[in-house]
Amino acid sequence: MLPFIQLLQHRTARPLVRFAHLCVSTIAAAPTTIYEHAFIFVLKGSGIVSSEGKQAAYKEGSVIMIPPGVAYSLTQGHEEEEYEDELHIAIHFDWEPQVQAHGELLNIADNNQASGAEAEEPHPAPNSIWLPHVAVLESASDELFACAGWTLRAYEQGGVYQRLRTDAEMLNLIVQLVENITVGAKAIQTLQPYENGQVAAVNGPADLVN
């Protein structure tokens, strides 16, 4: 079971969305490291996600869950096939904001009022207790993908209460994700070792070990 499933039974998540976007492009295979969590909702396309010498397949309807501080790469489709554009929603977030002293919050409020700008919050340290390794939800529900769309829309609309609306939608998304994994009994793929650095072809979930 993924750690956040257990943590959410005893601890309140206060998700803070840092960035959300809709991407239409081929995915480069170059390794990338981020410093917040990311959920990638695959609307179109398929391929392999690789990290730390391991891999798992993703496809249309999958959700790729990426923790901070872990190098990963996404390789599209079969090597022998011509690449097609992929369509996915990516949401970068923290499971909970950094704890700040009351005086620091007052200073942020005063500075924002004076400058009209929002103060940047520090990124959390890598090695997440919520999700230590890359994982793939094999096939998510339409409701979960709808929540991803609502979170993206709230983020893109902007406005004075953008963060409040976006984080509220993200909390609902997390509820739907937990229900997909527990109540819906959707398969979670953890990354498995591959030999000689070769990425296996995407033949579906039967090739992966749960």
Side-chain angles (χ1 to χ4, degrees), residues 1-9 11-27 32 34 36-49 56-68 72 74 76-77 84-97 128 130-131 133-191 202 204-205 208 210:
M1 181 179 291
L2 297 175
F4 68 79
I5 299 294
Q6 296 173 312
L7 282 172
L8 289 172
Q9 298 177 40
R11 184 170 179 167
T12 301
R14 293 182 294 154
L16 188 157
V17 176
R18 294 190 175 276
F19 181 64
H21 68 106
L22 178 67
C23 182
V24 183
S25 65
T26 54
I27 295 181
T32 303
I34 57 176
E36 59 276 331
H37 292 81
F39 288 164
I40 298 176
F41 296 82
V42 183
L43 300 168
K44 177 185 175 183
S46 63
I48 291 288
V49 54
Y58 68 87
K59 60 182 181 180
E60 181 178 324
S62 295
V63 180
I64 306 169
M65 295 173 279
I66 303 167
Y72 72 95
L74 301 175
Q76 187 180 12
E84 296 181 357
D85 283 348
E86 288 203 352
L87 181 64
H88 68 269
I89 295 173
I91 301 174
H92 295 244
F93 71 102
D94 300 334
W95 279 96
E96 52 190 345
S128 168
W130 297 88
L131 180 70
H133 305 292
V134 176
V136 178
L137 176 59
E138 178 187 309
S139 181
S141 67
D142 292 341
E143 290 80 6
L144 180 55
F145 270 77
C147 287
W150 295 334
T151 303
L152 173 65
R153 182 174 61 182
Y155 179 84
E156 290 182 335
Q157 281 180 342
V160 178
Y161 299 108
Q162 175 199 36
R163 171 162 290 179
L164 181 63
R165 290 193 302 269
T166 307
D167 294 348
E169 295 290 359
M170 187 65 191
L171 189 57
N172 188 41
L173 184 154
I174 289 172
V175 171
Q176 288 291 334
L177 175 62
V178 171
E179 290 183 349
N180 266 245
I181 296 172
T182 56
V183 179
K186 301 291 185 180
I188 291 290
Q189 308 293 346
T190 55
L191 275 61
V202 183
L208 298 172
N210 288 330

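From a predicted model like this one, the values you see are computed outputs, not experimental measurements. Hydrogens, waters and symmetry mates are skipped; everything else that's a heavy atom, side chains included, is used.
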With heavy-atom distances below 4.5 Å as the criterion, would you say the side chains of [X] and [Y] are in contact?
| X | Y | value |
| --- | --- | --- |
| M65 | F4 | yes |
| L131 | I66 | no |
| E86 | Y58 | yes |
| P68 | I34 | no |
| E96 | R11 | yes |
| L16 | R163 | yes |

Those residues at least two apart in sequence (or on a different chain) that pass salt bridge (charged side-chain N to carboxylate O under 4.0 Å, His left out) with R153 are none
Hey, could you give me the [atom1]/[atom2] distance between [X] and [Y], rounded to the nearest 0.5 Å?
| X | Y | atom1 | atom2 | value |
| --- | --- | --- | --- | --- |
| T182 | L8 | OG1 | CG | 10.0 Å |
| R18 | D94 | CZ | CG | 4.0 Å |
| I89 | C147 | CD1 | SG | 10.5 Å |
| L152 | F41 | CG | CZ | 10.5 Å |
| L43 | E60 | CG | CD | 8.0 Å |
| H92 | H21 | NE2 | NE2 | 5.0 Å |

Could you list the residues that satisfy side-chain contact (heavy atoms from CB on, under 4.5 Å) with Q6, not counting sequence neighbours?
-> M1
According to the interplanar angle, ranging from 0 to 90°, do the rings of F39 and W95 count as parallel (below 30°), tilted (30 to 60°) or perpendicular (above 60°)?
-> perpendicular
Donor-acceptor contact present, side-chain S62 to main-chain E138, <3.5 Å | yes
Taking every non-hydrogen atom, the tightest pair across [X] and [Y]:
| X | Y | result |
| --- | --- | --- |
| W130 | A13 | CH2-CB, 4.2 Å |
| L191 | V134 | CD1-O, 3.3 Å |
| G61 | F145 | O-CE1, 3.4 Å |
| L2 | A135 | CD2-CB, 4.1 Å |
| H37 | P67 | CD2-CA, 3.9 Å |
| L177 | L144 | N-CD1, 3.7 Å |

Show the atom names and distances, to 0.1 Å, of all donor-acceptor pairs under 3.5 Å that link a side chain in residues 165-172 to residues at least two apart or in another chain.
residue : atom : partner : partner atom : Å
R165    : NH2  : G158    : O            : 2.3
T166    : OG1  : A154    : O            : 3.4
T166    : OG1  : Y155    : N            : 3.3
T166    : OG1  : Q162    : O            : 2.7
D167    : OD1  : V17     : N            : 2.9

Side chain to side chain contact (heavy atoms under 4.5 Å, CB included) with I40: which of V63, L74, V136?
-> L74
